[in-house]
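Note sheet for the following structure.
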Amino acid sequence: ELRTPLTTIRLQTQITKRLLDRGNPDALSPQRMRHLVEQTDRQVERLSRLVDEMLDLTRINAGKLTIQLERFDLAELAAEMLERFADQLRTSGCEVSFEAPAPVVGCWDRYRMEQVLANLLTNAAKYSAEGTPVHLSAGADERTVAFRVADRGIGIRPDQVERAFERFWQGETGDRRRYPGAGLGLYLVRRIVERQNGWVSLRPREEGGTVAEVRFPRG
């Protein structure tokens, strides 16, 4: 998984160098260079995410996953994360919607909650078919606060739900190039959420796709 983005970055760098060596102004058009830079940037982001996941795995194994609590609006953070992942979701052809009727204020680790939302949105983008909806929502009831990510992607079998939270487990997609990953995302999501007294669930939708839900006790 680490080699794949590294190989892509190396190839993009070699292509750029070759274009520079030729000194052909047409080959170095702003559109072409922008495309190369954007591709490289995506691979750097993917590589960075993999490194962060492995570092967190090490921290969890050593019992050193730290949580820094601060008070903030979870609904506002969800909206920010959705905007941050808008390009990735659009590239996947997803129709995105968001719902948060009221602020959801509480104390969590903001950075860790960004990780949780990033993993769930990445999964939704990765496993959704083009033109299908992805819905992110945040809300609260008398006892809990929650956010959920619902997609209409390839879904998950009921007997695989618990396995999805195991380390290094990947679904039986049959195409590792189309669905890359180290199998650490949901494992880390569960550990981060449980570390903050919450719980996370995954369930298949009858109409196809998956709903990932994260809940915390109110207060």
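No experiment lies behind these values; they were computed from the predicted model shown. One is the number of the first residue; the rest follow in order along the sequence.
Evaluation of the side chain to side chain donor-acceptor pair (under 3.5 Å) test over residues 8-18, restricted to residues two or more places apart or in two chains, returns Q12-Q39, K17-D21. Counting only residues at least two apart or in different chains, ring-ring contact (aromatic ring centres under 6.0 Å, His included) contacts with residues 48-83 comprise F72-W108.
Side-chain polar atoms of R218 and T144 form no donor-acceptor pair below 3.5 angstrom. Looking only at atom types and distance, the side chain of T122 has no donor-acceptor partner in the side chain of N119 under 3.5 Å away. In this model, no donor atom of one side chain and acceptor atom of the other lie less than 3.5 Å apart for Q160 and R163.
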* **V200 vs E213, side-chain contact (heavy atoms from CB on, under 4.5 Å): CA-CA, chis, key distance, verdict** => CA-CA 6 Å; V200 57; E213 183 176 71; over 6 Å; no
* To do: Check the pair E114 / R84 against side-chain contact (heavy atoms from CB on, under 4.5 Å), numbers first and verdict last.
  => CA-CA 11 Å; E114 286 180 359; R84 190 182 306 178; 3.9 Å; yes
* Asked: Step by step, would you call V145 with V105 a side-chain contact (heavy atoms from CB on, under 4.5 Å)?
  -> CA-CA 9 Å; V145 300; V105 178; over 6 Å; no
* To do: Begin with the C-alpha distance, continue with both residues' side-chain angles, and end with the deciding distance and a verdict on side-chain contact (heavy atoms from CB on, under 4.5 Å) for L77 and F147.
  => CA-CA 11 Å; L77 177 65; F147 63 85; over 6 Å; no
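Shortest non-hydrogen contact noted between A164 and L186 is O-CB, 3.4 Å. Contact between V211 and A150 at its shortest, heavy atoms only, is CG2-CB, 3.9 Å. Contact between A102 and A75 at its shortest, heavy atoms only, is O-CB, 4.0 Å. The two residues V104 and A138 come nearest to each other via the heavy atoms CG2-C, 4.2 Å.
A 4.5 Å side-chain heavy-atom check between E53 and Q115 finds every atom pair outside the cut-off. Side chains of F165 and L202 form a contact here, defined as non-hydrogen atoms less than 4.5 Å apart. In this structure, the side chains of L57 and L184 come closer than 4.5 Å at one or more pairs of heavy atoms. Taking 4.5 Å as the limit, every side-chain heavy atom of E194 sits out of range of all side-chain heavy atoms of W199. In this structure, S97 and P133 have side chains that are not in contact, with every pair of non-hydrogen atoms separated by 4.5 Å or more.
One finds the CZ atom of R112 at 8.5 Å from the CG atom of L188 (value rounded to the nearest 0.5 Å). How far CG of L6 is from CG of L47: 5.0 Å, rounded to the nearest 0.5 Å. Atom NE2 in H135 sits 10.0 Å away from atom CG in L82 (nearest 0.5 Å). D109 CG to I192 CD1: the interatomic distance, rounded to the nearest 0.5 Å, is 8.5 Å. Atom CG of L55 is separated from atom CG of L65 by 11.5 Å, given to the nearest 0.5 angstrom. To the nearest 0.5 Å, the span separating SG on C94 from CZ on F85 amounts to 12.5 Å.
Applying the 6.0 Å contact sphere to CD of E70 captures more than 12 heavy atoms from other residues, nucleotides or ligands. No more than 12 heavy atoms of other residues, nucleotides or ligands shown are found within 6.0 angstrom of CD on E45. Counting non-hydrogen atoms of neighbouring residues, nucleotides and ligands closer than 6.0 angstrom, the CD atom of E38 exceeds 12 such neighbours.
Salt bridge status for D141 with R143: absent, with no side-chain N to carboxylate O gap under 4.0 Å. Looking at R152 and E95, no side-chain N of the basic residue comes within less than 4.0 Å of a carboxylate O on the acidic one, giving no salt bridge. Taking the charged nitrogens against the carboxylate oxygens, E162 and R190 do have a contact shorter than 4.0 Å, which makes a salt bridge.
No path of Ile, Leu, Val, Met, Phe, Trp and Tyr side chains, each step under 4.5 Å between heavy atoms, connects V214 with L69, placing them in separate hydrophobic clusters. Hydrophobic clustering (ILVMFWY, side-chain heavy atoms < 4.5 Å, transitive): V44 and V37 are in distinct clusters. Linking Ile, Leu, Val, Met, Phe, Trp and Tyr whenever their side-chain heavy atoms come within less than 4.5 Å puts I60 and M54 in one cluster. When hydrophobic clusters are built by joining Ile, Leu, Val, Met, Phe, Trp and Tyr residues whose side-chain heavy atoms come closer than 4.5 Å, directly or via intermediates, V161 is grouped together with V149. Hydrophobic clustering of Ile, Leu, Val, Met, Phe, Trp and Tyr side chains at less than 4.5 Å, counting indirect connections, unites M113 with F98.
In this structure, D73 contributes its side chain and P103 its backbone to no donor-acceptor pair below 3.5 Å.
In terms of the salt bridge (Lys or Arg N to Asp or Glu O under 4.0 Å) criterion, residue partners of R59 (sequence neighbours excluded) are, by chain and number, D56.
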